[in-house]
Amino acid sequence: MKKIKQHIDELFKDMPRNNETEMVKQEIIENLEEKVFYLMGQGKEEEDAINKAIVEFGDIDDLKKELGVKAPPEKKSMAKLNLEFSLWGSGLITAFFIFINLYYTPNTIWAIYPIFAILWWPLSMYFVWSRKKWSE
C-alpha cells in the first residue's frame, strides 16, 4: 500500500497543502486501498491489484479544477525575439567593424572576415525560429 501513497503524493505535489486537499488525498488513498482489497479478494496478486487500481483511478485534472489549482502558464517561445536580437546585434557589430576598418586602415579591407563570422549568429537563430514555427 506504500506504492499507492507514493503515487497519490506524486499526483498531489503541485497542489496547495491545506485541510481540504489533505482530506481529499486521504479519501482517495482509502478508496484505492479498498479497491486493492476487493481485487485481491477476486484472486489477483497484491502487486497486480495495486497496479490495476492505480490505472483505473486515472489522472486528477478534474479534481485540480475543483480544488482551484491553476494550470502552469504556457512558456512563451523566445525564438522570434532571439532572431530579432541577433539581427540587430550582428548589424551593429558589423557597422562597428566597418567603421574601425575604414577609420584606421582604409587601404586594407580586413573587416569582411569577422563580419562573415558574425553572420552565422542570425543565421542560426533563423533556423531555430523556423523550426519552432513549423513545429507549432
Side-chain angles (χ1 to χ4, degrees):
M1 301 305 167
K2 189 175 182 181
K3 186 175 179 181
I4 290 175
K5 183 164 180 8
Q6 289 173 344
H7 179 71
I8 297 302
D9 286 341
E10 182 67 26
L11 289 177
F12 276 76
K13 72 179 178 186
D14 296 335
M15 296 222 188
R17 294 206 173 254
N18 56 32
N19 288 337
E20 183 183 10
T21 305
E22 290 300 320
M23 287 176 28
V24 169
K25 193 165 131 178
Q26 286 302 323
E27 187 175 331
I28 290 172
I29 290 172
E30 289 172 8
N31 289 340
L32 286 175
E33 286 176 350
E34 287 177 16
K35 178 80 172 177
V36 168
F37 288 132
Y38 172 76
L39 290 171
M40 286 172 54
Q42 297 289 324
K44 292 223 181 257
E45 294 291 323
E46 182 179 2
E47 189 69 27
D48 292 337
I50 290 172
N51 290 335
K52 183 169 174 122
I54 288 173
V55 168
E56 287 180 1
F57 176 70
D59 61 358
I60 59 169
D61 291 337
D62 294 334
L63 186 61
K64 284 182 179 180
K65 288 177 188 173
E66 193 174 306
L67 291 174
V69 176
K70 296 178 183 172
E74 273 188 39
K75 289 187 177 181
K76 185 179 177 186
S77 175
M78 299 293 290
K80 185 175 180 185
L81 182 64
N82 289 342
L83 174 62
E84 292 172 1
F85 180 75
S86 68
L87 287 170
W88 280 101
S90 63
L92 289 172
I93 294 171
T94 299
F96 173 72
F97 276 122
I98 290 173
F99 170 75
I100 295 295
N101 187 173
L102 294 178
Y103 188 76
Y104 289 107
T105 54
N107 297 332
T108 308
I109 300 177
W110 56 265
I112 193 71
Y113 302 112
I115 290 171
F116 178 73
I118 290 167
L119 290 179
W120 287 101
W121 179 27
L123 181 65
S124 66
M125 290 296 108
Y126 170 75
F127 284 116
V128 169
W129 171 75
S130 65
R131 185 176 57 197
K132 296 262 186 197
K133 180 181 170 188
W134 291 109
S135 69
E136 293 174 355

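Not measured: the values here are computed from a predicted model. Basis for what follows: all heavy atoms, side chains included, without hydrogens, waters or symmetry-related copies.
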Verify same cluster id: [X], [Y] (apolar side-chain graph, 4.5 Å):
| X | Y | value |
| --- | --- | --- |
| Leu123 | Leu81 | no |
| Met125 | Phe116 | yes |
| Ile98 | Ile109 | no |
| Leu119 | Trp88 | no |
| Leu92 | Phe97 | no |

Rounded at 0.5 Å granularity, tell me how far [atom1] in [X] sits from [atom2] in [Y].
| X | Y | atom1 | atom2 | result |
| --- | --- | --- | --- | --- |
| Glu30 | Glu27 | CD | CD | 7.5 Å |
| Phe96 | Ile115 | CZ | CD1 | 11.5 Å |
| His7 | Ile50 | NE2 | CD1 | 12.0 Å |
| Ile4 | Asn51 | CD1 | CG | 9.5 Å |
| Ile29 | Glu33 | CD1 | CD | 7.0 Å |
| Ile28 | Ile8 | CD1 | CD1 | 5.5 Å |

Open item on the list: How about CG on Asn18, more than 12 heavy atoms from neighbouring residues, nucleotides or ligands closer than 6.0 Å, or not?
Closed with: yes
Open item on the list: I'd like to know whether CD of Glu56 has more than 12 heavy-atom contacts from other residues, nucleotides or ligands below 6.0 angstrom.
Closed with: yes
- [ ] Any chance you could lay out the side chain to side chain contact (heavy atoms under 4.5 Å, CB included) test for Lys80 and Lys132, step after step, and finish with the verdict?
- [x] CA-CA 9 Å; Lys80 185 175 180 185; Lys132 296 262 186 197; over 6 Å; no
TODO: Look at the side chain of Asn101 and the backbone N and O of Thr105, then say whether any donor-acceptor pair between them is shorter than 3.5 Å.
DONE: yes
TODO: Locate the shortest heavy-atom distance separating Val36 from Ala53; write the atom from each residue and the value.
DONE: CG2-CB, 3.9 Å
TODO: Identify the heavy atoms of Leu87 and Pro122 that sit nearest to each other, and give their distance.
DONE: CD2-CB, 3.7 Å
- [ ] Let me see the working for Gln42 and Tyr38 under side chain to side chain contact (heavy atoms under 4.5 Å, CB included), right down to the final yes or no.
- [x] CA-CA 6 Å; Gln42 297 289 324; Tyr38 172 76; 3.4 Å; yes
Open item on the list: side chain to side chain contact (heavy atoms under 4.5 Å, CB included), that's the test. Do Trp121 and Phe85 meet it? Break it down for me.
Closed with: CA-CA 10 Å; Trp121 179 27; Phe85 180 75; 3.7 Å; yes
TODO: Output yes when Asp9 and Lys13 qualify as a salt bridge under the 4.0 Å nitrogen-oxygen rule, no when they do not.
DONE: no
